[in-house]
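Scroll down for the structure; my scribbles are underneath it.
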Amino acid sequence: MPHSSPAETQTRWAARSPSVIDGALGLVVDHLAFFPSIPAQIRWAATTTLLSSLLSLVLFSAVAAVISGRRGRRTAVGFFHPYTNDGGGGERVLWCFVRAMQEEKPDLDCAVFTVDDASPQSLAARGPLSILLSRCTLVYYTIFSWLYGSVGSCAHLAMANSSWTRSHIDCLWKIPQLTKRVHRHPPRDTSSLQRMLPLGKPVRSPVIISVAQFRPEKAHSPRLEAFAHAVGILDQDMPRPKLQFFRGIVEETSVVSGAANVADFFPALRRLGWHGPERKLAWLQRTRDALIGEFIKRHRFRRRRSGSNGEAAVAIGNGDKGRATVIDVMLSLQESDPGTYTDVTIKGLIAEILAAGIDTSAVTMERAMCLLLIHPEVLHAARAELDAKIGQGRMAEEDIPNLPFLNFIINETLRLYPAVPLLMPHESSQDCTVGGYDVPHGTMLLANAWAIHRDPNTWDKPQEFKPERFQCEGGKEEAGLRMLPFGSGRRKCPGESLAMRVIGLALVTLIHCSSGRSFRGRR
Ligand code: HEM
């Protein structure tokens with residue numbers, strides 16, 4: 001066999017195949033060509049064998065690495081749960097489940113995919129303490145679902161706003177023929193539902209437990225529409241069913257926010273999962289926000305439908321021309337200044353008015369009326385003032401400031417029964433000394449308005465109801481810090497003048513209507 005020179009071999013290889021592998025083979029063969037004693041075919045075979053062995057080795061190592069990597073890899077399970085902060089049943093089931101899986105299969109990685117601001121630490125802290133507790137929770141849920149199903153199965157009508165809700169109602173309540181689906185988004189069609197309402201038939205004592213699913217923050221509009229329709233078709237002489245909803249939230253909020261939180265005294269309890277009233281408060285706040293959001297949506301929808309804008313739109317209340325609601329006013333301000341009056345701001349303002357203004361004003365009216373009824377001479381004097389300054393059959397808001405005695409009555413009521421007896425908790429911003437007591441920075445401070453208003457050192461006969469004392473003392477302003485039913489300083493109640501007007505208006509109406517009968521000595 002003739003020996004070929006390196007140059008010849010190179011040319012032959014290059015002519016045969018221009019690929020990279022061929023090029024590499026050609027290079028090796030070129031080097032082997034320096035051993036002219038070895039025949040070219042043997043050199044070629046040896047080279048091919050060597051390179052293919054090397055290639056197989058590389059491939060084998062790669063496959064082995066992938067297989068061993070897969071073997072060593074931990075299995076992961078993902079949970080898709082959009083909101084983990086809701087604190088509702090769904091979230092609790094999720095935590096129980098995650099915890100139970102971690103206990104049973106420690107090698108399993110659990111990943112929770114959520115869109116809220118939860119961190120891995122906060123998520124981990126929310127799980128139940130142990131597998132035992134998880135099981136207890138599951139038992140609790142089993143019993144709860146059974147009870148929930150038994151109560152639900154008695155419903156005359158159930159309505160669901162999603163297929164998910166419908167299927168869970170079907171599964172637990174087992175009344176598919178009585179379960180109706182309504183659309184979640186406007187325009188909602190509740191007509192089929194309204195035709196179905198069994199309350200149209202004479203029922204002796206209609207009781208509406210709920211016409212929505214048991215989480216009240218959801219789907220208020222259809223619920224309220226259905227309720228309004230139900231009430232509308234009842235006979236006049238039937239007892240009126242009540243849907244106590246917002247009022248319930250306000251009341252519950254004031255009870256829960258006033259309750260002591262054990263975790264404030266034993267912070268370690270937080271680490272053990274104890275959050276006391278915080279979760280309840282968060283839930284109440286979300287419920288309230290959802291309801292106010294719904295009010296805003298409805299007002300906006302009405303305004304758009306009536307085609308009003310700007311100033312004119314203010315005059316559109318609940319269909320009442322000339323009577324704008326606070327939300328109407330705010331929505332019209334939003335049109336002119338959207339940056340300031342965002343939906344969140346409007347919601348916050350409405351929530352403040354409702355939460356801070358309802359109970360305080362209502363309780364003061366109630367007490368003022370009670371005091372008037374057990375002090376007929378004061379009621380008589382109040383009526384004489386009204387007759388002299390306003391007369392019967394007329395009452396305008398502007399008249400309130402011109403009724404000094406009426407304002408004395410309200411002030412004296414607030415003195416004896418301040419609606420917020422300990423004001424709101426404040427915190428000292430620096431070390432200070434008050435009345436000889438050292439108050440360190442960061443101390444929670446409660447001002448006892450009740451005790452201040454009844455201090456015998458500063459008030460004459462403090463336990464007695466004497467509205468005229470404010471006349472002698474030059475009104476509430478002159479009483480200074482002896483009289484602080486609305487607090488003092490820059491965190492003073494901003495609703496004071498509104499409250500005085502609203503309470504005044506209500507009292508004037510009640511005094512006008514009262515028969516003048518004395519309730520003295522009766523409880
Ligand atoms: C008789 C009726 C009312 C009474 C006795 C009352 C009393 C109070 C008191 C004692 C405070 C705490 C002040 C402080 O921290 O020193 C307060 C705060 C507040 N009140 Fe009133 N209030 C009444 C009506 C209203 C009304 C009708 C509104 C709203 C329309 C309202 C809105 C507020 C708000 C928003 C705060 C919080 C102020 C802040 O923290 O800066 N209040 N109120």
Side-chain angles (χ1 to χ4, degrees), residues 246-247 249-251 253-254 257-258 281 284-285 288-289 291-292 295-296 324-330 333 340-341 344-372 397 400-401 403 406-429 432 434 439 442-455 465 467 470 475-477 479-510:
F246 197 87
R247 176 88 189 147
I249 298 175
V250 173
E251 269 167 17
T253 306
S254 68
S257 55
L281 276 174
L284 284 166
Q285 189 191 332
R288 189 193 63 193
D289 272 12
L291 188 64
I292 299 174
F295 291 160
I296 295 176
T325 64
V326 179
I327 299 183
D328 284 320
V329 175
M330 292 199 187
L333 288 169
T340 308
Y341 294 92
V344 174
T345 310
I346 298 179
K347 253 198 232 175
L349 285 168
I350 302 291
E352 285 287 355
I353 292 174
L354 293 173
I358 291 184
D359 252 16
T360 45
S361 305
V363 116
T364 309
M365 285 174 207
E366 197 178 299
R367 284 175 188 159
M369 214 48 221
C370 285
L371 286 166
L372 287 179
E397 207 181 313
I400 303 287
L403 300 168
L406 179 84
N407 285 301
F408 298 158
I409 292 172
I410 302 174
N411 285 339
E412 182 66 346
T413 308
L414 285 168
R415 183 188 69 81
L416 278 173
Y417 300 104
V420 192
L422 296 179
L423 306 189
M424 295 303 283
H426 286 250
E427 197 179 280
S428 53
S429 52
C432 56
V434 181
V439 181
T443 307
M444 189 200 282
L445 301 166
L446 295 167
N448 191 342
W450 176 281
I452 295 169
H453 291 179
R454 290 169 181 246
D455 184 355
F465 178 64
F470 284 94
K476 183 162 79 66
E477 284 64 39
L481 286 179
R482 291 186 301 144
M483 178 71 188
L484 26 81
F486 295 99
S488 179
R490 44 182 186 179
R491 298 307 294 268
K492 191 179 178 189
C493 173
E496 178 175 353
S497 57
L498 175 67
M500 291 301 279
R501 273 173 181 247
V502 170
I503 297 169
L505 261 176
L507 277 187
V508 167
T509 315
L510 290 170

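Both ligands and their constituent atoms are indexed starting at 1 by order of listing. Residue indices begin at 1 and follow the sequence shown.
- At the shortest separation from atom 12 (C) of ligand 1 among protein heavy atoms lies M424 CG, 3.3 Å.
- Only side-chain heavy atoms of T364 come within less than 4.0 Å of ligand 1; its backbone N, CA, C and O stay farther off.
- What sits closest to atom 32 (C) of ligand 1 on the protein, heavy atoms only, is A356 CB, 3.5 Å.
- You'll find the side chain of K347 reaches within 4.5 Å of the side chain of I296, heavy atoms only.
- Contact detail for H453 and R415: the closest heavy-atom pair is O-NH1, 2.8 Å.
- Atom 4 (C) of ligand 1 has its closest protein heavy atom at F486 CE2, 3.4 Å.
- What you find for Y341 and M330 is that their closest heavy atoms are CB-O, 4.3 Å.
- Within a 6.0 Å radius of CZ in F465, more than 12 heavy atoms belonging to other residues, nucleotides or ligands are found.
- Annotation for ligand 1: atoms under 4.0 Å from non-hydrogen atoms of L423 are 10 (C).
- Set against the non-hydrogen atoms of G357, the atoms of ligand 1 under 4.0 Å away are 25 (C), 26 (C), 27 (C), 28 (C).
- In terms of protein heavy-atom proximity, atom 21 (Fe) of ligand 1 is nearest to C493 SG, 2.3 Å.
- The protein non-hydrogen atom at the shortest distance from atom 38 (C) of ligand 1 is P494 CD, 3.7 Å.
- Near L498, meaning under 4.0 Å from one of its heavy atoms, ligand 1 places the atoms 30 (C).
- The shortest heavy-atom contact between L423 and P485 is CD2-O, 4.3 Å.
- Listed by number with element, the atoms of ligand 1 under 4.0 Å from a non-hydrogen atom of A419 are 5 (C).
- Under a 4.0 Å criterion applied to the non-hydrogen atoms of A499, ligand 1 contributes the atoms 2 (C), 24 (C).
- Looking only at protein heavy atoms, the nearest one to atom 23 (C) of ligand 1 is T360 OG1, 3.4 Å.
- Of the heavy atoms in H426, only side-chain atoms (C-beta onward) come closer than 4.0 Å to ligand 1.
- Scanning the protein for heavy atoms near atom 41 (O) of ligand 1, the closest one is R491 NE, 2.6 Å.
- Proximity of E352 to ligand 1, defined as any heavy-atom pair under 4.0 Å, is confined to the side chain (atoms from C-beta onward).
- Listed here is the closest heavy atom pair of S361 and G357: OG-O, 2.7 Å.
- Not a single donor-acceptor pair under 3.5 Å links the side chain of D359 to the backbone N or O of A355.
- Heavy-atom minimum distance, V363 versus A419: CG1-CB, 3.9 Å.
- Closest to atom 28 (C) of ligand 1 among all protein heavy atoms lies G495 CA, 3.6 Å.
- Taking a cut-off of under 4.0 Å to the non-hydrogen atoms of P485, the atoms of ligand 1 that pass are 5 (C), 7 (C), 10 (C).
- Minimum interatomic distance between I400 and V508 (heavy atoms only, all atoms of both residues): CD1-CG2, 4.2 Å.
- For the atom pair CG of L484 and NZ of K492, the computed distance is 9.0 Å after rounding to the nearest 0.5 Å.
- At a 4.0 Å heavy-atom cut-off, ligand 1 touches I503 through the side chain alone.
- Under the side chain to side chain contact (heavy atoms under 4.5 Å, CB included) rule, M365 has a single partner from T413, L510, V502, which is V502.
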